Amino acid sequence: MDNTLLAVVLVVAGSCSAAVIAWVISSYRQCNLVQQAGRWSSVEATIESGALEGTRETGKVVLPTFGFSYQVSEDRYSGRFSLRANVSKTLAESMIDQMIGRKILLRYDPDHPEAWFIPDESIDGYKVEQKIGSHVFHDYSPND
(Lines give C-alpha, C1' and ligand atoms only; values in the text may rest on other atoms or scores of the structure.)
Protein backbone atom coordinates (compact mmCIF):
# COMPACT_ATOMS: atom_id res chain seq x y z
CA MET A 1 0.00 0.00 0.00
CA ASP A 2 1.22 3.49 -0.84
CA ASN A 3 2.57 5.45 2.17
CA THR A 4 0.38 8.46 1.32
CA LEU A 5 -2.76 6.34 1.20
CA LEU A 6 -1.81 4.67 4.47
CA ALA A 7 -1.30 8.09 6.08
CA VAL A 8 -4.72 9.28 4.85
CA VAL A 9 -6.41 6.13 6.14
CA LEU A 10 -4.73 6.52 9.53
CA VAL A 11 -5.73 10.20 9.78
CA VAL A 12 -9.33 9.45 8.83
CA ALA A 13 -9.52 6.50 11.25
CA GLY A 14 -8.00 8.61 14.03
CA SER A 15 -10.43 11.46 13.39
CA CYS A 16 -13.40 9.10 13.39
CA SER A 17 -12.20 7.48 16.61
CA ALA A 18 -11.74 10.86 18.28
CA ALA A 19 -15.25 11.93 17.23
CA VAL A 20 -16.80 8.73 18.60
CA ILE A 21 -14.90 9.07 21.88
CA ALA A 22 -15.98 12.73 22.23
CA TRP A 23 -19.61 11.75 21.56
CA VAL A 24 -19.48 8.96 24.17
CA ILE A 25 -17.97 11.30 26.78
CA SER A 26 -20.55 14.01 26.01
CA SER A 27 -23.43 11.54 26.24
CA TYR A 28 -22.11 10.20 29.54
CA ARG A 29 -21.78 13.70 31.00
CA GLN A 30 -25.26 14.66 29.83
CA CYS A 31 -26.74 11.47 31.32
CA ASN A 32 -24.86 12.13 34.56
CA LEU A 33 -26.24 15.69 34.72
CA VAL A 34 -29.78 14.41 34.25
CA GLN A 35 -29.30 11.81 37.00
CA GLN A 36 -27.91 14.44 39.38
CA ALA A 37 -30.76 16.84 38.56
CA GLY A 38 -33.24 14.07 39.34
CA ARG A 39 -32.04 14.20 42.96
CA TRP A 40 -32.32 17.98 43.31
CA SER A 41 -34.99 19.60 45.50
CA SER A 42 -38.53 19.82 44.11
CA VAL A 43 -40.56 22.98 43.72
CA GLU A 44 -43.79 23.94 41.99
CA ALA A 45 -43.49 26.41 39.13
CA THR A 46 -46.21 28.42 37.40
CA ILE A 47 -46.32 28.85 33.63
CA GLU A 48 -46.73 32.57 33.07
CA SER A 49 -46.33 33.07 29.34
CA GLY A 50 -46.18 31.27 26.05
CA ALA A 51 -45.51 31.92 22.37
CA LEU A 52 -44.60 30.13 19.17
CA GLU A 53 -40.84 30.44 18.68
CA GLY A 54 -38.27 29.17 16.21
CA THR A 55 -35.58 26.78 17.37
CA ARG A 56 -31.88 27.57 17.74
CA GLU A 57 -30.87 25.31 14.87
CA THR A 58 -32.57 27.03 11.97
CA GLY A 59 -35.58 28.89 13.27
CA LYS A 60 -37.65 26.91 10.77
CA VAL A 61 -39.08 24.54 13.38
CA VAL A 62 -41.60 26.52 15.43
CA LEU A 63 -42.52 25.17 18.85
CA PRO A 64 -44.83 26.30 21.64
CA THR A 65 -42.43 27.84 24.16
CA PHE A 66 -43.31 28.70 27.74
CA GLY A 67 -41.92 30.97 30.44
CA PHE A 68 -42.36 29.97 34.07
CA SER A 69 -41.33 31.15 37.51
CA TYR A 70 -40.70 29.49 40.83
CA GLN A 71 -39.75 30.60 44.31
CA VAL A 72 -37.02 29.29 46.60
CA SER A 73 -37.04 30.90 50.05
CA GLU A 74 -37.69 34.57 49.34
CA ASP A 75 -36.12 34.61 45.87
CA ARG A 76 -37.96 34.17 42.57
CA TYR A 77 -36.41 32.46 39.55
CA SER A 78 -37.57 31.83 36.02
CA GLY A 79 -36.94 29.61 33.07
CA ARG A 80 -38.20 28.55 29.65
CA PHE A 81 -38.97 25.29 27.92
CA SER A 82 -40.63 24.12 24.73
CA LEU A 83 -42.94 21.28 23.83
CA ARG A 84 -42.19 19.36 20.67
CA ALA A 85 -45.65 19.42 19.18
CA ASN A 86 -46.17 18.70 15.50
CA VAL A 87 -49.56 20.40 15.38
CA SER A 88 -51.22 23.21 13.45
CA LYS A 89 -50.57 26.81 14.41
CA THR A 90 -54.16 27.12 15.66
CA LEU A 91 -53.85 24.06 17.90
CA ALA A 92 -50.44 25.22 19.18
CA GLU A 93 -51.87 28.64 20.08
CA SER A 94 -54.75 26.93 21.88
CA MET A 95 -52.24 24.76 23.73
CA ILE A 96 -50.38 27.88 24.83
CA ASP A 97 -53.59 29.48 26.14
CA GLN A 98 -54.42 26.33 28.12
CA MET A 99 -50.94 26.12 29.68
CA ILE A 100 -50.84 29.68 31.04
CA GLY A 101 -51.36 29.53 34.81
CA ARG A 102 -50.68 25.80 34.96
CA LYS A 103 -48.45 24.42 37.70
CA ILE A 104 -45.57 22.10 36.85
CA LEU A 105 -43.11 20.27 39.05
CA LEU A 106 -39.45 21.01 38.56
CA ARG A 107 -36.24 20.34 40.38
CA TYR A 108 -33.63 22.96 41.28
CA ASP A 109 -30.07 22.76 42.53
CA PRO A 110 -30.14 23.73 46.22
CA ASP A 111 -26.64 25.21 45.91
CA HIS A 112 -27.60 27.20 42.79
CA PRO A 113 -31.41 27.67 42.79
CA GLU A 114 -31.32 29.34 39.37
CA ALA A 115 -30.37 25.93 37.88
CA TRP A 116 -33.54 23.95 37.19
CA PHE A 117 -34.70 20.79 35.44
CA ILE A 118 -38.18 19.56 34.48
CA PRO A 119 -38.16 15.84 35.37
CA ASP A 120 -41.17 14.95 33.22
CA GLU A 121 -40.17 13.83 29.74
CA SER A 122 -43.55 14.93 28.37
CA ILE A 123 -46.46 17.18 29.24
CA ASP A 124 -49.88 16.25 27.84
CA GLY A 125 -48.16 13.78 25.52
CA TYR A 126 -45.71 16.32 24.03
CA LYS A 127 -41.95 15.95 24.56
CA VAL A 128 -40.39 18.54 26.87
CA GLU A 129 -37.37 20.30 25.33
CA GLN A 130 -35.15 22.04 27.87
CA LYS A 131 -31.60 23.06 28.57
CA ILE A 132 -29.46 21.47 31.23
CA GLY A 133 -25.86 22.36 31.90
CA SER A 134 -24.05 23.55 28.81
CA HIS A 135 -25.87 21.03 26.61
CA VAL A 136 -29.17 21.39 24.84
CA PHE A 137 -31.32 18.32 24.44
CA HIS A 138 -31.76 17.86 20.67
CA ASP A 139 -31.19 21.64 20.31
CA TYR A 140 -34.93 22.28 20.06
CA SER A 141 -34.94 24.67 22.98
CA PRO A 142 -36.07 28.26 22.50
CA ASN A 143 -33.61 31.01 21.66
CA ASP A 144 -32.52 32.92 24.77
Side-chain angles (χ1 to χ4, degrees), residues 5-144:
L5 179 60
L6 181 59
V8 168
V9 168
L10 290 174
V11 167
V12 169
S15 297
C16 290
S17 296
V20 168
I21 290 169
W23 177 79
V24 168
I25 290 170
S26 176
S27 295
Y28 172 78
R29 286 182 180 167
Q30 186 172 339
C31 185
N32 193 31
L33 280 172
V34 170
Q35 287 177 347
Q36 287 176 352
R39 294 187 296 270
W40 289 349
S41 300
S42 295
V43 68
E44 189 174 74
T46 303
I47 297 174
E48 297 179 342
S49 63
L52 293 174
E53 295 186 12
T55 62
R56 293 185 81 131
E57 288 178 334
T58 64
K60 292 180 182 177
V61 176
V62 177
L63 300 175
T65 301
F66 303 93
F68 62 85
S69 68
Y70 59 100
Q71 186 169 341
V72 177
S73 298
E74 298 298 317
D75 298 318
R76 293 192 66 73
Y77 301 93
S78 62
R80 293 161 35 98
F81 71 96
S82 294
L83 294 178
R84 191 181 321 169
N86 189 15
V87 297
S88 69
K89 181 178 178 183
T90 303
L91 187 56
E93 289 171 344
S94 174
M95 177 192 306
I96 290 169
D97 291 340
Q98 292 173 13
M99 293 285 287
I100 306 278
R102 184 170 174 174
K103 307 286 186 193
I104 59 171
L105 177 71
L106 61 88
R107 297 194 178 274
Y108 69 92
D109 182 346
D111 296 327
H112 304 282
E114 68 281 0
W116 56 269
F117 175 71
I118 299 171
D120 295 326
E121 290 186 18
S122 66
I123 296 175
D124 294 343
Y126 300 105
K127 183 167 177 21
V128 173
E129 300 293 349
Q130 61 187 318
K131 292 183 178 184
I132 183 167
S134 60
H135 295 75
V136 179
F137 293 158
H138 306 292
D139 206 16
Y140 282 104
S141 61
N143 294 320
D144 284 339

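It should be emphasised that the depicted structure is a prediction, and the values quoted were computed from it without experimental measurement.
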Nearest heavy atoms of [X] and [Y], plus distance in Å:
| X | Y | result |
| --- | --- | --- |
| E93 | L52 | CG-CD1, 3.9 Å |
| I96 | A51 | CD1-C, 3.5 Å |
| A85 | Y126 | CB-CD2, 3.5 Å |

Exercise. Only one of Y70, F68, F81 forms a ring-ring contact (aromatic ring centres under 6.0 Å, His included) with W116, so which one is it?
Worked result: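 It is F68, the one option of Y70, F68, F81 that forms the ring-ring contact (aromatic ring centres under 6.0 Å, His included) with W116.
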Problem set entry | D75 atom CG, over 12 foreign heavy atoms within 6.0 Å |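 Yes, the 6.0 Å shell around CG holds more than 12 heavy atoms from other groups.
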Exercise. Side chains of T46 and K103: donor-acceptor distance under 3.5 Å anywhere?
Worked result: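 Yes - a donor-acceptor pair under 3.5 Å links their side chains.
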For this session: Determine whether the side chains of S78 and S69 contain a donor N or O and an acceptor N or O closer than 3.5 Å.
Result: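 Absent: no donor and acceptor within the cut-off.
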Would you say [X] and [Y] make side-chain contact, with heavy atoms under 4.5 Å?
| X | Y | answer |
| --- | --- | --- |
| D124 | R102 | yes |
| I104 | D120 | no |
| Y77 | V43 | no |
| L83 | L63 | no |

[atom1] of [X] to [atom2] of [Y]: how many Å apart, nearest 0.5 Å?
| X | Y | atom1 | atom2 | value |
| --- | --- | --- | --- | --- |
| S49 | I100 | OG | CD1 | 6.0 Å |
| M95 | F66 | CE | CZ | 6.5 Å |
| R80 | E129 | CZ | CD | 13.5 Å |

Exercise. Has the side chain of R107 got a donor or acceptor atom that lies under 3.5 Å from a matching backbone atom of W40?
Worked result: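 Looks like yes, one N/O pair under 3.5 Å.
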For this session: Taking Q71 for its side chain and S73 for its backbone only, find out whether a donor-acceptor pair lies under 3.5 Å.
Result: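 Yes, Q71 side chain to S73 backbone: donor-acceptor pair under 3.5 Å.
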